[in-house]
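In the text below, chain A, chain B and the rest are named by the order of the sequence lines, each starting its count at 1. Since the model is a prediction, treat every value here as computed from it, not as a measurement.
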2 protein chains.
Amino acid sequence: MAMASLSKGDWATAALAAIADRGLAGVAVEPLARKLSATKGSFYWHFPNREALIQAALELWEQEHTESVIVRVGAEPDPLQRLRLLLTTAILLAQEDVIDAAVLASATHPLVAPVLERVTDRRVGYLADLFKDMGFPPAQARDRGLLAYTAYLGQAQLVQAGMSAAPHSGAALRRYVDRILGILTAPA
Amino acid sequence: MAMASLSKGDWATAALAAIADRGLAGVAVEPLARKLSATKGSFYWHFPNREALIQAALELWEQEHTESVIVRVGAEPDPLQRLRLLLTTAILLAQEDVIDAAVLASATHPLVAPVLERVTDRRVGYLADLFKDMGFPPAQARDRGLLAYTAYLGQAQLVQAGMSAAPHSGAALRRYVDRILGILTAPA
DNA sequence: CCGCCTCCGTACGCCTCCGTATGGTCCGAG
DNA sequence: CTCGGACCATACGGAGGCGTACGGAGGCGG
C-alpha cells in the first residue's frame with residue numbers, strides 16, 4: 001500500500017514530524033529516508049539539499065498551526081469566550097503535539113528565525129486585537145496580548161519538558177486556564 | 001598568560017558558554033578544544049566522555065542561575081517590591097545571557113530533564129511563596145506563580161529569538177514589567 | 001520498438017565528530 | 001638524578017551524515 005511515488009509534501013510532513021520529536025537536528029536525510037522506506041536518491045531528486053527540506057517543513061508548520069486555529073476559533077462572537085476557546089484549544093493542542101515548542105527550541109537557527117518572526121507577530125497581534133475587542137485601550141491590549149502569548153509559550157515548554165510543575169490532566173488544565181483568564185481579563 | 005593547566009571547571013564553563021550560543025549540540029569536544037587552545041588529550045584526561053562534560057556544565061548552570069538571583073533579591077523586605085526586583089532582574093539578565101532559553105531548548109534531552117525539573121520547581125515554588133506573602137490564598141498564589149514563570153520563560157524565548165514583538169530597549173522593558181506586575185497582582 | 005522523461009537505488013568520497021592508544025613533557029618527592 | 005604521577009599532544013579507527021555520479025526501471029508519446 002502507498003507504494004506510489006513519494007511527493008515533495010511527503011518528505012516535508014515527515015520532516016515536520018521529525019522536528020516534533022527529535023528537534024531540528026533530527027531532520028537528517030538518511031534516517032528520514034529509512035523511515036519512509038526510500039533512499040537518498042529519492043530525496044535529492046525532490047530537494048536540492050537538506051536546507052530546502054527544512055524550509056518546506058517550516059512553511060508547512062506556518063500554514064497549519066496558526067491560521068487554522070484562528071479560523072476555527074473565529075466563529076465565536078463574544079471576544080472573551082473567543083479568548084477562552086483560543087487558549088484552551090492552543091494549550092490542549094500543545095499537550096499532544098509538541099511541534100510549537102520544538103520549533104521554538106531552534107529559534108536562533110537562520111532558517112527558523114524569519115518564519116518564527118512572522119508567526120509570532122501574527123499570534124501576538126491577534127491576541128492584542130482580542131483584548132481591544134474586550135474594551136481595553138490599545139497599549140493595555142498589546143501588553144495583555146504579549147503576556148498571554150508568553151504565558152502560552154512558557155506553558156508549552158513546561159509541558160513538552162514534562163515538568164511536574166505544570167498541570168497535566170485535562171481537567172486541571174481547564175481549571176488553570178479559567179483562573180489565568182480571570183487574571184488576564186481583570187480590569188486595571 | 002593563563003597558560004597554566006586547564007581544570008575541569010574550565011572545560012565546564014566553556015561548555016556552558018557553548019550551550020548558550022550554539023545549543024546543546026554545540027558542546028562538541030573537538031571544537032571546544034580548539035577554542036581553548038588545547039586538544040582532546042586534555043579533555044579525555046579530565047572527563048570520561050562528552051556526557052560527563054554536559055552534566056558538569058548543567059550543574060554549573062543550576063548553581064549559578066537560580067539560587068544566586070534568589071539570594072540577591074532576598075534583601076528586599078516588601079514582597080511586592082521583591083517580585084518586581086526579581087522579574088526585572090531575571091528579564092534583564094535574559095536579555096544579555098540567553099543560557100536559560102538555550103537550556104530550555106533541549107528540555108527533552110535525558111541529561112537536561114532532571115536538572116530542569118529541579119530548577120523549575122525551585123523557581124515556581126519561590127514565586128508562589130512570594131504571592132502567598134502578598135496575601136493571596138495558596139491555590140491563587142500557585143496559579144499566579146506559575147503564570148509569572150511561564151510568562152518569564154516565553155519572554156526569554158522571544159528575546160533570544162530576537163522577535164520584534166518583545167520590547168528590546170531597557171526602558172520599554174521596565175515599563176512592560178511594571179504593567180505586567182499590575183496585572184499579576186491585581187486582586188481577584 | 002525507440003527514445004525520453006520521471007523517479008529512485010547504489011555506491012562512492014568527503015567531512016566532522018567520538019573515543020582510544022600511546023608516547024612525551026614537566027615537576028616534585030625521595 | 002631518577003622515577004612516578006599529572007597533564008597533554010598526536011595519531012588512529014570507526015560511525016554517521018551530506019552531497020554527487022550514475023545506472024536502471026517504468027510509463028508514454030511517436
Side-chain angles (χ1 to χ4, degrees), chain A residues 1-60 102-103 105-106 108-113, chain B residues 1-60 102-103 105-106 108-113:
Chain A
M1 56 222 52
M3 289 306 298
S5 302
L6 255 38
S7 77
K8 214 171 143 163
D10 293 331
W11 284 98
T13 57
L16 193 57
I19 293 179
D21 77 54
R22 301 168 75 122
L24 194 63
V27 182
V29 177
E30 286 172 345
L32 231 58
R34 283 193 289 272
K35 183 169 291 184
L36 290 176
S37 303
T39 63
K40 299 196 294 180
S42 168
F43 173 80
Y44 281 102
W45 194 90
H46 292 288
F47 295 88
N49 51 34
R50 178 175 172 264
E51 285 201 353
L53 173 62
I54 294 179
Q55 274 191 335
L58 289 176
E59 284 168 12
L60 207 64
V103 172
S106 298
T108 59
H109 191 287
L111 291 175
V112 175
Chain B
M1 58 222 50
M3 289 307 295
S5 302
L6 255 37
S7 76
K8 213 171 142 161
D10 293 331
W11 283 97
T13 56
L16 193 57
I19 293 180
D21 77 58
R22 300 167 76 118
L24 195 63
V27 182
V29 177
E30 285 171 344
L32 231 58
R34 284 194 288 273
K35 183 169 290 182
L36 290 176
S37 301
T39 64
K40 297 196 294 178
S42 167
F43 173 79
Y44 280 101
W45 195 90
H46 293 287
F47 295 88
N49 52 34
R50 177 175 172 265
E51 286 200 354
L53 173 63
I54 294 177
Q55 274 190 336
L58 289 175
E59 284 168 14
L60 205 65
V103 172
S106 299
T108 60
H109 191 286
L111 291 176
V112 175

Self-check item: Under 4.0 angstrom between A:H46 side-chain N/O and C:dC8 OP1 or OP2
Solution: yes
Quiz prompt | Exam field: side chain B:S7 to backbone B:D10, donor-acceptor pair closer than 3.5 Å | solution = yes
Exercise. Could you tell me the separation between the OH atom of B:Y44 and the P atom of C:dA21, rounded to a whole number of Å?
Key: 13 Å
Quiz prompt | A:R34 CZ to C:dC8 C1', straight-line distance once rounded to whole Å | solution = 17 Å
Quiz item: Taking all atoms of both residues into account, what is the closest heavy-atom pair of B:A15 and B:V27, and its distance?
Solution: O-CG2, 3.7 Å
Practice problem: Would you kindly give the CZ-to-C1' distance between B:F47 and C:dT20, to the nearest whole Å? | Solution: 18 Å
Quiz item: Where each residue is assigned the nucleotide of DNA chain C containing its nearest heavy atom, which of A:K40 and A:W45 is assigned the position nearer the 5′ end?
Solution: A:W45
Exercise. Give the nucleotide from the list C:dC8, D:dT10, D:dC18 with an atom nearest to the side chain of A:S42.
Key: C:dC8
Self-check item: Listed nucleotide nearest any side-chain atom of B:E30, set D:dA9, D:dC18, C:dC17
Solution: C:dC17
Quiz item: Among pairs that include at least one residue of residues 46-58 of chain A, which meet side chain to side chain donor-acceptor pair (under 3.5 Å), considering only residues two or more places apart or in two chains?
Solution: none
Exercise. Would you kindly give the CH2-to-P distance between B:W11 and C:dC18, to the nearest whole Å?
Key: 10 Å
Exercise. Kindly point out which of C:dG9, C:dC18, D:dA9 is positioned nearest to the side chain of B:V29?
Key: C:dC18
Quiz prompt | Aromatic contact, B:F43 with B:W11 (centres under 6.0 Å) | solution = yes
Exercise. Could you check how far CG of A:L6 sits from P of C:dC7, rounded to whole Å?
Key: 11 Å
Exercise. Mind calculating the distance between CG (A:L36) and P (C:dC8) to the nearest angstrom?
Key: 11 Å
Quiz item: A:L32 CG to C:dG9 P: how many Å, rounded?
Solution: 14 Å
Quiz item: Can you tell me how far C1' of D:dC18 sits from CG of A:N49, to the nearest Å?
Solution: 10 Å
